[in-house]
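Take a look at the structure set out below.
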Amino acid sequence: MSTALTLVLALTAMPAFAQSTPDASIGAGGSFGASDNGRPALVEPSTPALSVEDVNKPLADNEAAFTADQLDYDTEKHIVTATGDVRMIRQGNRMRADKVIWNRDSDDVHAYGNVAIQNPQGDMTYAQDAELTDSMKDGVAQDMLLVLENGGRMAAARGARKDGVYTLNHAAYTPCDVTTSKGCPKEPIWKITAAKVVYDPSRHRVSYRDARLTFLGLPIFWLPAFSHPDGSGAGGNSGLLVPDVSYNSRNGMMYAQPYYIQFAPNRDLTVTPYVFTSVLPMLSAEYRSLSEKGAWRVQGYLTDSSQSTTATTGGSKSVRGYIEANGTWQLSPNWTLTGSLRAVTDKTFLQRYDLNYDDTLRSVVKAERIDGDSYLSIAGWAFQTLVPNVPGSNLAQARQGQQPIAIPAIDYRRRIGDPWLGGTLTLQANTLGLIRTDGQDKQRAFVSAEWQKWLLTGMGQLVTFTAYGRGDIYHSDQNDLTQTVVYQGHPGWEGRGIAAAAVDVRWPFVGDVWGGTQRITPRIQFAGSPRTRNMAIPNEDSRAVDLEDTNLFSLNRFPGYDRWEDGARITYGVEYALDLPRFSLRSDIGQSYRFNNRDSILPPGTGLSGKTSDIVGRATVRYGSFVSVTERFRLDKNSFAIRRNEIDATLGSANTYLQVGYLNLSRNIDPSIEDLRDHEEVRLGARLAIGKRWSLFGSTTLDLSDETQTVSASQSQTLTDLDDGIDPVKSRVGLAYEDDCFEASVQWRRNYAAFGDARYGNSFQFRLAFKNLGR
């Protein structure tokens, strides 16, 4: 057996020799860059060993390390000849070959047989014959295969590298797997062949001349020039993105072709023209910017089309569009500025072009300061309603004049340690101004203080003491323009004082059961508040009140600040937790009792209107990662009828699953209070994995409401919702394919909640995505 030699050459000194044992060979020879039929081959040999023994420290730029079975040095011609499992390291580049001849005078390195070269970035080059510079940074190779560190690969009959840029002739590229799970060669699902391919690692770009895309063995298009990213996720340049193809009955066939323009690594623009068969084209543009302080983006759509809110066809033709922008800036470690703008020319534009189905667009500018003990928010809000002014709609939400502009909205909170009783004192100051063009205006300000102390007794009870005080001042006018009378309040100046105190006790009992742990925690709360002026105050933010398990033990069960729940009450309940291997259960149930007989400002049907509240609770069951079911409920205190039932369930694995959502609000709410409509719906979603690559997916939302609700005649018109039992709201079904380098899907959608020129109908969307292609 021959003996391997390790050689470290200092380019300014004579070589030194040492012995070493060779590692495993790269394997049998073969043509890497071309197959038997003359087309580029994309399958690499087994990964070679490129280390050089006895080299345990970084080499200087003027040093190179060799290992070989046999090493000869011609001192007259200054030629080093290494044969038998030759390995070489120079300036971070590593090479393995059967034979290497190095001319030190001309700095030429010629490698023969089973050549493998790895650059510092991790890209691997295979060849049968390579001529390199002594640094191995530049060179020419025959029958070359280049395997990128990110997984892409390029094969060519001949290739060269100069100044870090690869140029390949008669080449092929694919990011797809080229071997089966058993390691056998296979044809990639798609590849690009070209007369010339240029790969620039510094730009992370692959460019082609005379390129042909082959899919499933069939050529599908040809381009004289083409380029795309290398798949590393770094860098990027201007170019085409993946197109979007769809069809719907409103606009016909649609083709959208995004074009990406990069101005700098932190700034770019995407321009997307949309072409339709039934309407005029539309143009979209999105600009993004990132800086050390923050990031922002703005996107807009513009077209010219007919518009109607009452008819399904026809209507006046006009310029229509939509703009949205948002950004966040970290001005200092404590100060943050955020902003969001959303505006549209009309109520049907977004739905007609399938952009989104929101019923309200919100815009905000907010400055926030946060530190360890305080919070300050200064904000301004504006709202644009997209609710149609048609029978079945909430008229208060449908009229733009009823939408408020909230400016200023200021909230300040500060937490202070209590040096006397050991509790925590939280101070708050809040102000809000609401302006409407055709509705009630209101200004509000208050200051409050809340003291809390947590105490753990020797028997394990967790006791929480709370004391709260607040002073409010309100001013309002045009109160009669608020359509719901109980929300109007008194015009002019109104003041109010609020005080409350509460004691909350939890007593957990923990023990072992069935190889796991269970915890039973009874809970009781005593809360009291003097009688508070409520009806004189305009109600803007405390309307959608509903007893739930999340607010059962709250000091004030109203959301917001405009209504306060006064009186004395006791609230009681129990929490239960069970943890077993692969199984867990979390549940709670509770109720409250009011001590006085005064009429409550809480409307009937909210679960809080009588002395005794309804019973509310929640239960969550999990079994491994296969089953997750959560149910929230409210039971009538007298009949135990279900007033609220909400179920969210997920069954299955990450690839095949069923999602079920059910909501039933059967509260017998007064229909004059439009914020608390009763409703019943079911939501279904599913995905079925078909083998490793295919999947069938779908979802639907069904309105199950079967009651007739009439809004009071005090509104500008009477609305009647006539529900016939089961009404689909929106549905979709699709088929998708996905592998390591290609995605395809077809999807059918139908949205039934439509009006005017955004009439409902069938939509079909087609998607093809080739890995790394686009941009």
Side-chain angles (χ1 to χ4, degrees), residues 309-310 342-347 358-364 379-410 430-446 472-496 532-546 558-564 601-606 669-677 709-721 755:
T309 57
T310 57
R342 300 183 69 193
V344 68
T345 55
D346 56 83
K347 291 185 176 183
D358 295 339
D359 60 7
T360 303
L361 302 183
R362 298 171 177 85
S363 299
V364 60
W381 293 82
F383 304 87
Q384 182 179 5
T385 180
L386 303 184
V387 176
N389 191 5
V390 296
S393 298
N394 184 332
L395 282 184
Q397 295 180 359
R399 290 171 52 189
Q400 182 59 40
Q402 287 283 337
Q403 303 305 307
I405 299 174
I407 185 170
I410 303 174
N430 182 284
T431 182
L432 174 68
L434 298 180
I435 303 172
R436 293 180 172 89
T437 59
D438 186 21
Q440 184 183 63
D441 297 335
K442 184 186 83 170
Q443 296 80 42
R444 177 193 73 201
F446 71 78
D472 302 343
I473 185 169
Y474 283 79
H475 180 268
S476 60
D477 54 42
Q478 302 186 45
N479 300 53
D480 57 337
L481 296 181
T482 295
Q483 297 173 354
T484 303
V485 176
V486 295
Y487 295 158
Q488 290 181 354
H490 296 168
W493 291 96
E494 295 289 341
R496 179 176 62 179
T532 305
R533 298 184 70 228
N534 277 298
M535 301 308 295
I537 304 300
N539 184 5
E540 296 279 2
D541 62 9
S542 302
R543 298 182 176 184
V545 58
D546 194 15
F558 281 100
Y561 299 105
D562 291 341
R563 289 289 182 267
W564 182 265
I601 60 171
L602 290 147
T606 61
I669 291 288
D670 183 351
S672 65
I673 305 176
E674 73 273 13
D675 298 278
L676 298 173
R677 297 285 187 90
Q709 296 186 356
T710 303
V711 179
S712 67
S714 64
Q715 300 185 0
S716 58
Q717 73 180 85
T718 298
L719 304 180
T720 303
D721 295 334
F755 68 101

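Keep in mind that the numbers below use all heavy atoms, side chains included, and drop hydrogens, waters and symmetry copies. Here, residue 1 is the first one in the sequence, and each next residue gets the next number.
- Once rounded to the nearest 0.5 Å, the distance linking CD of Gln384 with CG of Asp346 reads 9.0 Å.
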In sequence, state the C-alpha distance, the side-chain angles, and the governing distance for Trp564 and Ile601, and then conclude on side-chain contact (heavy atoms from CB on, under 4.5 Å).
-> CA-CA 9 Å; Trp564 182 265; Ile601 60 171; over 6 Å; no
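- For Asp541, the side chain to side chain donor-acceptor pair (under 3.5 Å) partners are Arg444, not counting sequence neighbours.
- When atom types are taken as modelled, the side chain of Thr532 and the backbone of Asn534 share no donor-acceptor pair closer than 3.5 angstrom.
- His490 places none of its side-chain heavy atoms less than 4.5 Å from the side chain of Asn479.
- In this structure, OG1 on Thr606 lies 7.5 Å from CZ on Phe558, to the nearest 0.5 angstrom.
- Sorted by first and then second residue, the pairs that involve residues 482-494 and meet salt bridge (charged side-chain N to carboxylate O under 4.0 Å, His left out), not counting sequence neighbours, are Glu494-Arg533.
- One distance of note links CZ of Arg543 with OH of Tyr487; it measures 6.0 Å at 0.5 Å rounding.
- Residues in residues 433-442 take part in these salt bridge (charged side-chain N to carboxylate O under 4.0 Å, His left out) pairs, two or more places apart or across chains: Arg399-Asp438, Arg436-Glu540, Lys442-Asp562.
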Working for side-chain contact (heavy atoms from CB on, under 4.5 Å), residues Val486 and Asn539 = CA-CA 8 Å; Val486 295; Asn539 184 5; over 6 Å; no
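- Between Ala409 and Leu432 the shortest heavy-atom distance is CB-CD1, 3.8 Å.
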Under the side-chain contact (heavy atoms from CB on, under 4.5 Å) criterion, do Arg563 and Ile537 qualify, and how do the steps go?
-> CA-CA 8 Å; Arg563 289 289 182 267; Ile537 304 300; 4.0 Å; yes
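- We find the NZ-CG distance between Lys347 and Asp359 to be 10.5 Å, quoted to the nearest 0.5 Å.
- If you take CD on Gln440 and CD on Gln483, they are separated by 11.5 Å, rounding to the nearest 0.5 Å.
- A distance of 6.0 Å separates OG1 of Thr360 from CD of Gln403, quoted to the nearest 0.5 Å.
- In this structure, Thr437 and Gly401 approach most closely via the heavy-atom pair OG1-CA, 3.3 Å.
- Checking side-chain atoms of Gln402 against main-chain N and O of Thr482 turns up no donor-acceptor pair under 3.5 Å.
- Of all heavy-atom pairs between Ser542 and Gly560, the closest is OG-C, 3.6 Å.
- By the side chain to side chain donor-acceptor pair (under 3.5 Å) test, Asp358 pairs with Arg342, sequence neighbours left out.
- The two residues Ala544 and Pro559 make their nearest non-hydrogen contact at O-CG, 4.0 Å.
- With sequence neighbours excluded, the residues that form a side chain to side chain contact (heavy atoms under 4.5 Å, CB included) with Thr431 are Ile410, Ala445.
- Taking every heavy atom of both residues into account, Phe383 and Gln400 meet most closely at O-NE2, 3.0 Å.
- Scanning for ring-ring contact (aromatic ring centres under 6.0 Å, His included) contacts around Phe446 gives Tyr561, with sequence neighbours left out.
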